[in-house]
Amino acid sequence: MPTAPPPRGPPPRPRSSSRTPAQPRPPRSPPGGAAAALLREPVSSLAAAYGSSLASQGKEIVDRNLDRLVPVSTLKYYFAVDTAYVGRKLGLILFPFLHQDWQVRYQQDTPVAPRFDINAPDLYIPVMAFITYILVAGLALGTQNRFSPDLLGLQASSALAWLVVEVLVVLLSLYLVTVNTDLSTIDLVAFSGYKYVGMIVGLLAGLLFGRLGYYLLLSWCCITIFVFTIRTLRLKILAEAAAEGVLGQGPKNQLRMYLTMAVAGLQPLVMYWLTFHLIH
């Protein structure tokens, strides 16, 4: 007879998983991270110090080369002015007849700053007078309905070109006459730039009083700039002859005197040439 199958036990119970969800692992620091952090600060400090050193050296090189091209320290002397000096200098340019002492004062073989000596040349008045002349010229063109930026630019470039040509001609003349003088190129620019003061006065008189006022005031300024230039340059160009006690003797000294008068006589001509077409 057949045997009965063995009794089945209870069904196996499902196993419960005892594993917990995987947790994200913290990022691992790179090897030697602590050492790199310690070294990073000294390296950045060294780079900053090196960059600062390069910047200071570059600044010194630029300043040295710039001083060769543009004598900044010399230019500072010509702009060492104050309000009192400017007022007295303008009065001297427009009324030079009563001034007696035209000698430039020196202190330990160095000329004193312009603000301490009215006879010292400066660049402040010529530069400001040049800019003011351009503005007044634009005003004059505007009152005649002839203003345009191109025409004003042509006026400014023409005035600047005449100034450059004038200085170059004087330098060449001084070289040909072999004058030993302490006149520098900047001195000549300053003396040539003083005439813009008279040009401004003439133009303003023309705007206010017409052609008659222009000719009267410009004629006065031409006379004053002629006297001012002669009395100023005479001590510079004839300084060597005066030191030797042979002033007015010999052909060379005659040439120096003629050169001084020619430079002074050139100022009124340029003043008229740069202003007459602005008054109608």
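Given the structure is predicted, the values throughout are model-derived calculations rather than measurements. Start at 1 with the first residue, then count along the sequence.
- To the nearest 0.5 Å, the span separating CD1 on Ile230 from CH2 on Trp102 amounts to 11.0 Å.
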Got a list of side-chain donor-acceptor pairs under 3.5 Å for residues 112-124, not counting sequence neighbours?
unit_1 : atom_1 : unit_2 : atom_2 : d
Asp117 : OD1    : Asn119 : N      : 3.2
Asp117 : OD2    : Arg105 : N      : 2.9
Asn119 : OD1    : His99  : NE2    : 3.0
Asn119 : ND2    : Asp101 : O      : 2.9
Asn119 : ND2    : Gln103 : O      : 3.1
Asp122 : OD1    : Tyr85  : OH     : 2.7
Asp122 : OD1    : Tyr194 : OH     : 2.6
Asp122 : OD2    : Tyr124 : N      : 3.0
Asp122 : OD2    : Ile125 : N      : 2.9

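- When all heavy atoms are compared, the tightest approach of Ile225 to Ile93 is CD1-CG2, 4.2 Å.
- Thr275 and Tyr214 are linked by a side-chain donor-acceptor pair at a separation below 3.5 angstrom, with hydrogens and angles left out of the test.
- Here the straight-line distance linking atom CG of Leu274 with atom NZ of Lys195 works out to 8.0 Å at 0.5 Å rounding.
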Quiz prompt | Step-by-step side chain to side chain donor-acceptor pair (under 3.5 Å) determination, Glu166 to Ser192 | solution = CA-CA 8 Å; Glu166 179 183 345; Ser192 300; 3.2 Å; yes

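- One finds the CZ atom of Arg211 at 9.5 Å from the CZ atom of Phe276 (value rounded to the nearest 0.5 Å).
- In this structure, Phe97 has its ring center closer than 6.0 angstrom to the ring center of Trp220.
- Atom CG of Leu216 is separated from atom SG of Cys221 by 11.0 Å, given to the nearest 0.5 angstrom.
- Taking OG1 of Thr181 as the reference point, atom NZ of Lys236 lies at 6.5 Å (rounded to 0.5 Å).
- Taking all atoms of both residues into account, the shortest heavy-atom contact from Pro96 to Leu94 is CD-C, 3.7 Å.
- The aromatic rings of Tyr196 and Tyr133 sit tilted relative to each other, their planes meeting at an angle between 30° and 60°.
- Heavy atoms from other residues, nucleotides or ligands lying under 6.0 Å from CZ of Phe79 number more than 12.
- Here the CD atom belonging to Gln267 is positioned 15.0 Å from the CD1 atom belonging to Ile223, to the nearest 0.5 angstrom.
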